[in-house]
Amino acid sequence: MATILLVDDVELFLELERSFLEGSGHRLVTLTSGEAALERLAEIDPTLLLLDLYMPGIDGDEVCRRLRQEQRWAALPVIMVTAAGKEEDIRKCLAAGCDDYLTKPVNKKDLVEKVSRLLGQVRGRTEPRVAIDLHVQLRSDGKCLAARARDISRNGIYVKSASPLEIGAAVEVILDLPDQRALT
């Protein structure tokens with residue numbers, strides 16, 4: 001049984017996330033601040049952390065940065081939750097070292113799937129895959145790389161590139177569709 005620590009300053013969001021994860025067989029612990037999370041982390045000893053990005057006091061990205069600096073917590077799976085899912089918020093989450101992110105309001109299926117994947121219970125995508133062969137452009141940190149998309153599903157795309165990207169880097173993916181349109 002995993003221990004999942006849910007941290008959000010808004011009780012409504014904590015209750016929603018808790019309700020989505022109840023019955024999963026995991027121990028659920030909720031806290032309402034970044035400070036409380038840092039203070040009680042060793043006591044709670046979570047297996048996974050679901051962390052709100054914007055909170056009064058210590059934000060989620062700062063909590064994540066501090067965790068990544070401590071050997072004990074460096075590999076703790078962290079899912080950051082953002083209010084709007086804007087590109088700058090997503091970059092902020094990834095730069096802090098989170099493993100994945102969700103946008104509010106949290107979708108139950110996405111939350112359960114990401115938690116299961118990060119806990120090692122799901123190895124791949126759970127949605128049906130459709131084989132494709134599309135040219136893809138990857139942009140990250142001023143680089144533009146060519147790649148090919150091999151398959152796609154509702155919750156993911158398999159892209160293969162000969163050039164490596166830095167782990168945790170924010171990447172803009174541009175699909176060149178057969179009708180000459182580009183999808184970003």
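Residues: numbered from 1 along the sequence shown.
- Listed for the Thr3 side chain is no donor-acceptor partner under 3.5 Å among the backbone atoms of Thr47.
- Side-chain contact between Asp52 and Val10 is absent, with no heavy-atom pair separated by less than 4.5 Å.
- Across every non-hydrogen atom of Ala146 and His135, the tightest pair is CB-NE2, 3.9 Å.
- Salt bridge status for Arg66 with Glu62: present, with a side-chain N to carboxylate O gap under 4.0 Å.
- Residues Phe13 and Met55 fall into different hydrophobic clusters, defined by Ile, Leu, Val, Met, Phe, Trp and Tyr side chains chained together at heavy-atom separations under 4.5 Å.
- At least one side-chain heavy atom of Leu53 sits less than 4.5 Å from a side-chain heavy atom of Asp61.
- Checking side-chain atoms of Arg18 against main-chain N and O of Leu28 turns up a donor-acceptor pair under 3.5 Å.
- Taking CD from Gln137 and SG from Cys144, the interatomic distance works out to 4.5 Å, rounded to the nearest 0.5 Å.
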Under 3.5 Å donor-acceptor pairs involving side-chain atoms of residues 70-83, not counting sequence neighbours:
| residue | atom | partner | partner atom | Å |
| --- | --- | --- | --- | --- |
| Arg72 | NH2 | Asp45 | OD1 | 3.2 |
| Thr82 | OG1 | Gly85 | N | 3.2 |

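- Between Leu51 and Val63 the shortest side-chain heavy-atom distance falls below 4.5 Å.
- Taken to the nearest 0.5 Å, the CG atom of Asp9 stands 9.0 Å off from the OG atom of Ser33.
- Note that the CD atom of Glu15 and the OG1 atom of Thr30 stand 7.0 Å from one another [nearest 0.5 Å].
- Residues Asp99 and Lys114 are not paired through a salt bridge, judged by the lack of any N-O separation under 4.0 Å between the basic side chain and the carboxylate.
- Looking at Leu50, Val7, Leu12 one by one, the single match for side chain to side chain contact (heavy atoms under 4.5 Å, CB included) with Glu17 turns out to be Leu50.
- Counting heavy atoms from C-beta outward, Leu67 and Leu41 have side chains that approach closer than 4.5 Å.
- Taking the side chain as every heavy atom from C-beta outward, Leu31 and Arg40 approach each other to under 4.5 Å.
- Leu14 and Asp8 make their closest contact through CD1-O, 3.4 Å (heavy atoms, listed as atom of the first residue, atom of the second, distance).
- Using modelled atom types, one finds a donor on one side chain and an acceptor on the other under 3.5 Å when comparing Tyr54 with Asp89.
- Ser116 contributes atom OG, which lies 6.0 Å from atom NE2 of His26 (distance to the nearest 0.5 angstrom).
- A pairwise comparison of heavy atoms in Glu35 and Ile58 identifies OE2-N, 3.0 Å as the closest pair.
- Using a 4.5 Å heavy-atom cutoff, the side chains of Leu21 and Val115 are in contact.
- Taking 4.0 Å as the cut-off between side-chain N and carboxylate O, Asp110 and Lys104 do not count as a salt-bridged pair.
- Rounded to the nearest 0.5 angstrom, Met1 CE and Arg27 CZ are separated by 7.0 Å.
- Under the 4.5 Å side-chain heavy-atom criterion for grouping Ile, Leu, Val, Met, Phe, Trp and Tyr, Leu6 is connected to Leu48 within one hydrophobic cluster.
- When every heavy atom of Cys64 is checked against every heavy atom of Gly97, the shortest pair comes out as SG-C, 3.6 Å.
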(message) Between Glu88 and Arg91, does the salt bridge (Lys or Arg N to Asp or Glu O under 4.0 Å) criterion hold? Intermediate values first, please.
(response) CA-CA 5 Å; Glu88 58 267 17; Arg91 287 182 189 270; over 6 Å; no
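- Asp59 has its side chain within reach of Lys92: a pair of non-hydrogen atoms, C-beta onward, lies under 4.5 Å apart.
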